[in-house]
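As a basis for the values below, the full set of heavy atoms in this structure was taken, side chains included, without hydrogen atoms, waters or symmetry mates. Residue numbers run from 1 in the order of the sequence given.
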Amino acid sequence: MTEPLPQWPIFGLDEDVRPALRQAAATGAPLVLATLTALGGGGPRPVGTQMVFGQGVVSGYFSGGCVESDVAAHAQACLEDGAPRTLIYGEGSPWPDIQLLCGARIEIFLEKVASDDPALADLFNAQNERKPCVWLSDGRRRVCVAPEAAEVWAGAIRRDYEPTPRLVVVGSDPTALAIAALGGQSGFETTLVRPKGPAEPPPLAKVAYRRDEPGEALAAIGLDPWTAVAIATHDLATDQAALRAALPSKASYVGLLGARARLAERLARLREAGVGEAALSRLHAPIGLDIGGKAPWEVALSVIGEIVALRYARASGSTSTSPPASTAGAPGGRRSSASAAANTVTSDES
C-alpha cells in the first residue's frame, strides 16, 4: 500500500468491506483493517465504518476525502511495524492541519491482520453461512465469534457484522429489471427469478438468475431476516405463488407491484389459500415509497429506498404504513403528498 489513493474514490462505494478483506487475504500478504470507533459532532460516517488496505486493495471511506490519504499513510506504517494505533482527527488531534469540513471529531483504530489469521477465516465462514458475528480485537489479539459469545476485554474494539443484505426480485419486465439492477448496485446480493424464462441470464451486473417457479426458487434461496422480496410479475398466478411462499417466511420485507384497486382481491385469494392475517400484515403493497414516479428506474428507486428505510427503522412515508390486511376493502390514501398532488401513484400499475 505504497501507491497513492486513486484520483476517483470508487473504492468508497462499497459499504461492506468483507469482499475487499477476502480479496486482500487471497494475495497471501498482510493487510490493515481500519475501524471508526468514536464519533463526535455528527460526522459523515457512523461508528463501525471500515476501510481495508492491502496489496493492490483499498476499500471503504471515512470522510469523503478529508482524511483518507492520511489514513492510508498510517496504514502503510502499520504494515511495516505491525503496531496497532488509534488516529484522531478533529478536536484533540495531533494533526491540526487535517480537519473534517463538517467539524466532526473521529477516532480510527488500525490493526495489521495476517492473511491466514483465524479470525478472518471465522468472519468469512460466518458470512458464507449467513450468520451474525462479532469482531473483537486489541490489534494484537483478535477473535470473531457469535454475538452471544462476545466478551470485550480491556483495550479491545467491537465491530458487529450481519449477513449481507439480499434481494430477490420476481418478474421480468423493465421495472423488475430496474429493481434488480439497482439492488445489485446498492450492495444487495440480488437474484432475479423469472419462471420459465430464457436460458440466457439477463445482462445485469451483480444479479444472479433463476428460472424455476417462485415457491421452488424462494425455498432454494432461503428467506432469512436479511432478505427482501420484491414481486413484480404482472401475472396474478405467479404473484400469488410468490406471495404464498414469501409472506409466511422470515424475510424482512415483502413488496408487491400492482394496482391498489386489485389489492383486496389478491388478499382474499391469499386468505383462501390459508395465509394468516399476521403474514398478510407484512405485505408492502403497492410496493415502494411514494415518490410520484412510474418509470422503471423511478419505481426501482422507490423500492430500494423503502427497503433501506425500513432497515434503518426510519419514518419513511411508505405506502405500507397502514397494513393492507387491515384496509383490504377500501382504496385508502397515501401519506405522501407528492403523489397526491401529481395525481399519480408510484407503483400502482396493472
Look up atom CD in Glu111 and atom CG in Leu31, then write down how far apart they are to the nearest 0.5 Å.
9.0 Å
Set of residues satisfying salt bridge (Lys or Arg N to Asp or Glu O under 4.0 Å) with respect to Glu216, sequence neighbours excluded:
none
With a 4.5 Å cut-off on side-chain heavy-atom distances among I, L, V, M, F, W and Y, is there a chain of contacts connecting Leu280 to Leu263?
yes
Do side-chain atoms of Arg194 reach the backbone of Gly171 as a donor and acceptor pair under 3.5 angstrom?
no
Give me the other members of the hydrophobic cluster that Trp226 sits in, counting Ile, Leu, Val, Met, Phe, Trp and Tyr linked by side-chain heavy atoms under 4.5 Å, directly or via other members.
none
Could you tell me whether Asp224 and Arg130 have a side-chain N and a carboxylate O separated by less than 4.0 Å?
yes
Steps toward side-chain contact (heavy atoms from CB on, under 4.5 Å) verdict (Glu265, Leu236)
CA-CA 10 Å; Glu265 173 192 354; Leu236 181 60; 4.0 Å; yes
Is it true that a side-chain atom of Asn128 and a backbone atom of Phe124 form a donor plus acceptor pair closer than 3.5 Å?
yes
Residues two or more places apart in sequence or in another chain: which of them pass salt bridge (Lys or Arg N to Asp or Glu O under 4.0 Å) with Asp122?
none
Beyond-backbone contact of Glu306 with Val303, side-chain heavy atoms, under 4.5 angstrom
no
Is there a side chain to side chain donor-acceptor pair (under 3.5 Å) between Glu200 and Tyr209 once you walk through the steps?
CA-CA 9 Å; Glu200 183 181 355; Tyr209 173 54; over 6 Å; no
A side-chain contact here means heavy atoms from C-beta on lying under 4.5 Å apart; do Val299 and Ile291 qualify?
no
Contacts satisfying salt bridge (charged side-chain N to carboxylate O under 4.0 Å, His left out) that involve residues 84-93 (not counting sequence neighbours) are Asp81-Arg85
Closest non-hydrogen atoms of Ala25 and Leu120, given as atom of the first, atom of the second and distance, are CB-CD1, 4.2 Å
The test is side chain to side chain donor-acceptor pair (under 3.5 Å); show your working for Thr86 and Glu107 and say whether it passes.
CA-CA 6 Å; Thr86 296; Glu107 295 184 15; 5.8 Å; no
Exercise: identify the closest heavy-atom pair between Arg142 and Lys112
NH2-O, 3.0 Å
Does anything in residues 49-60 form a salt bridge (charged side-chain N to carboxylate O under 4.0 Å, His left out)? List the pairs, not counting sequence neighbours.
none
Output side-chain donor-acceptor pairs under 3.5 Å for residues 181-191, partner residues at least two apart or in another chain, one line each.
from, atom 1, to, atom 2, distance (Å)
Ser186, OG, Leu182, O, 2.7
Thr190, OG1, Gly184, N, 3.2
Thr190, OG1, Phe188, O, 3.1

Are the side chains of Ile304 and Leu167 in touch, meaning some heavy atoms are under 4.5 Å apart?
yes
Using the salt bridge (charged side-chain N to carboxylate O under 4.0 Å, His left out) rule, take Glu277 and Arg271 through it: C-alpha gap first, then chi angles, then the decisive distance, then the call.
CA-CA 8 Å; Glu277 295 301 318; Arg271 290 189 180 95; 2.6 Å; yes
Between Cys66 and Ser63, which heavy-atom pair has the shortest distance, and what is it?
N-OG, 2.9 Å
Side chains of Ile98 and Val67: does their closest heavy-atom pair fall under 4.5 Å?
yes
Kindly give the heavy-atom pair with the smallest separation between Pro174 and Pro296, and that separation in Å.
O-CB, 3.7 Å
So how far is it from Arg159 CZ to Leu123 CG, rounded to the nearest 0.5 Å?
9.0 Å
For Tyr89, check ring-ring contact (aromatic ring centres under 6.0 Å, His included) against everything at least two apart and list the hits.
Trp95
Does a side-chain N-to-carboxylate-O contact under 4.0 Å join Lys294 and Glu298?
no
Residues forming a ring-ring contact (aromatic ring centres under 6.0 Å, His included) with Trp297, sequence neighbours excluded
none
Taking side chain as C-beta onward, heavy atoms only, is Leu301 less than 4.5 Å from Leu289?
no
Inter-residue atom distance Ile231.CD1 - Ile287.CD1, 0.5 Å rounding
8.0 Å
Check the pair Val254 / His284 against side-chain contact (heavy atoms from CB on, under 4.5 Å), numbers first and verdict last.
CA-CA 6 Å; Val254 181; His284 296 260; 5.7 Å; no
Using the rule given for side-chain contact (heavy atoms from CB on, under 4.5 Å), can you reason through Val52 versus Val58, listing the C-alpha separation, both sets of side-chain angles and the distance that settles it, and then say yes or no?
CA-CA 5 Å; Val52 173; Val58 179; over 6 Å; no
Atom pair OG/CG of Ser302 and Asp290 - distance to nearest 0.5 Å:
8.5 Å
Is there side-chain contact between Thr238 and Pro195, with heavy atoms separated by less than 4.5 Å?
yes
Checking Thr175 against Leu177 for the side-chain contact (heavy atoms from CB on, under 4.5 Å) test, could you report, in this order, the C-alpha distance in whole Å, the side-chain angles of both residues, the deciding distance, and whether it holds?
CA-CA 5 Å; Thr175 297; Leu177 295 178; over 6 Å; no
Compare all side-chain heavy atoms of Leu270 with those of Arg244 and state whether any distance is below 4.5 angstrom.
yes
Are Ile157 and Leu36 in one and the same hydrophobic cluster, where Ile, Leu, Val, Met, Phe, Trp and Tyr link if side-chain heavy atoms are under 4.5 Å apart?
no
With a 4.5 Å heavy-atom cut-off, do Val71 and Ile108 have their side chains touching?
yes
Within the distance-only criterion (no hydrogens, no angle test), does the side chain of Glu68 pair as donor or acceptor with the backbone N or O of Gly65 below 3.5 angstrom?
yes
Identify each donor-acceptor pair in which a side-chain atom of residues 8-21 lies under 3.5 Å from a protein atom, sequence neighbours left out, and give them as a table.
from, atom 1, to, atom 2, distance (Å)
Glu15, OE1, Arg45, NH2, 2.5
Glu15, OE2, Arg45, NH2, 3.2
Asp16, OD1, Arg18, N, 3.0
Asp16, OD1, Arg18, NE, 3.0
Asp16, OD2, Arg18, NE, 3.1
Asp16, OD2, Arg18, NH2, 2.8
Arg18, NH1, Glu162, O, 3.0
Arg18, NH2, Glu162, O, 2.8

Measure across Leu223 and Ala246 and return the closest heavy-atom pair with its distance rounded to 0.1 Å.
CD1-CA, 3.9 Å
Hey, is the main chain of Ala264 close enough, under 3.5 Å, to the side chain of Arg269 for a donor-acceptor pair?
no
If only atom types and distance count, is the side chain of Arg210 paired as donor or acceptor with the main-chain N or O of Val193 below 3.5 Å?
no
Mind checking what makes salt bridge (Lys or Arg N to Asp or Glu O under 4.0 Å) contact with Glu129, not counting sequence neighbours?
Lys131
Nearest-0.5 Å distance, OG of residue Ser137 to CZ of residue Phe109
5.0 Å
Quick one: closest heavy-atom pair of Tyr253 and Gly288, and the distance?
OH-N, 3.8 Å
For Tyr161, what residues pass the side-chain hydrogen bond (donor to acceptor under 3.5 Å, both in side chains) criterion, not counting sequence neighbours?
Gln50
Return the CD1 to CD1 distance between Ile88 and Ile106, rounded to the nearest 0.5 Å.
10.5 Å
Can you list the other members of the hydrophobic cluster that holds Val145, where links are side-chain heavy atoms under 4.5 angstrom apart?
Val134, Leu136, Val143, Val152, Trp153
